[in-house]
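Take a look at the structure set out below.
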Amino acid sequence: EMNTEIDRINQVLPTTPTNEKSDEIRQWTGTVIDKMDHYKAKHLRYVEEATTLLELSLWKAKLGAREDNYAEGRTRKTKTDVECARREKRITCGADTVIKNVLPFLRLA
């Protein structure tokens, strides 16, 4: 779709009267910029979604390791202890460090 819009000016400009070419170029430029803004916004939504999924995956991996340790020790934990441990693992799962280092590769320049 974007390639078609970019190529459109090559199809339209040769048949456009000389006195209307500037207006046609301005209109075409506006259309291309609008489409680029649309795709940038779409990309940002994908990056935000990917960041959330990455954070949740790291947290889940950390929780899985912690729950395995509980199972090995066969200690009985209360619901409050489990919730507290889950919150602690979310904070200490390292997602902030990982995401900080991954985001530069996902952002548009």
Side-chain angles (χ1 to χ4, degrees):
E1 181 182 343
M2 190 67 176
N3 289 337
T4 304
E5 185 59 40
I6 290 172
D7 192 46
R8 184 178 66 83
I9 196 67
N10 295 326
Q11 307 302 317
V12 172
L13 212 51
T15 60
T16 304
T18 306
N19 61 340
E20 296 176 12
K21 286 189 182 202
S22 295
D23 290 337
E24 187 66 39
I25 291 171
R26 264 190 227 100
Q27 181 185 11
W28 172 79
T29 303
T31 303
V32 170
I33 289 172
D34 288 345
K35 286 189 182 288
M36 288 174 56
D37 289 342
H38 167 76
Y39 288 121
K40 284 180 183 179
K42 196 173 187 179
H43 176 78
L44 180 61
R45 285 192 303 272
Y46 287 144
V47 168
E48 289 170 351
E49 183 179 333
T51 302
T52 301
L53 289 172
L54 179 58
E55 179 182 8
L56 291 173
S57 297
L58 292 167
W59 183 36
K60 184 176 181 180
K62 191 74 165 187
L63 282 176
R66 183 68 172 179
E67 289 169 358
D68 289 345
N69 291 341
Y70 284 149
E72 288 173 9
R74 301 208 186 267
T75 57
R76 187 174 180 142
K77 299 290 180 183
T78 66
K79 185 177 181 181
T80 307
D81 290 340
V82 172
E83 289 173 1
C84 184
R86 289 175 65 89
R87 265 186 260 121
E88 176 190 336
K89 291 303 167 193
R90 186 160 191 186
I91 294 168
T92 62
C93 70
D96 55 339
T97 304
V98 173
I99 290 170
K100 180 176 62 177
N101 291 307
V102 169
L103 274 181
F105 296 98
L106 300 176
R107 290 205 172 127
L108 294 175

> Going hydrophobic residue to hydrophobic residue with side-chain gaps under 4.5 angstrom, can you get from W59 over to I99?
Replying inline: no
Show me the donor-acceptor pairs, under 3.5 Å and distance only, between side chains in residues 41-50 and residues at least two apart or in other chains.
residue : atom : partner : partner atom : Å
H43     : NE2  : L106    : O            : 2.5

> More than 12 heavy atoms of other residues, nucleotides or ligands under 6.0 Å from NZ of K21: is that the case?
Replying inline: yes
>> Give me the atom names and distance for the closest heavy-atom approach of D23 to R26.
In response: OD1-NH1, 2.9 Å
> How would you list, by chain and number, every residue that makes a side-chain hydrogen bond (donor to acceptor under 3.5 Å, both in side chains) with E5, sequence neighbours excluded?
Replying inline: R8
> What's in the same ILVMFWY side-chain cluster as I9, cut-off under 4.5 Å, chained through other members?
Replying inline: M2, I6, L13, I25, W28, V32, M36, Y39
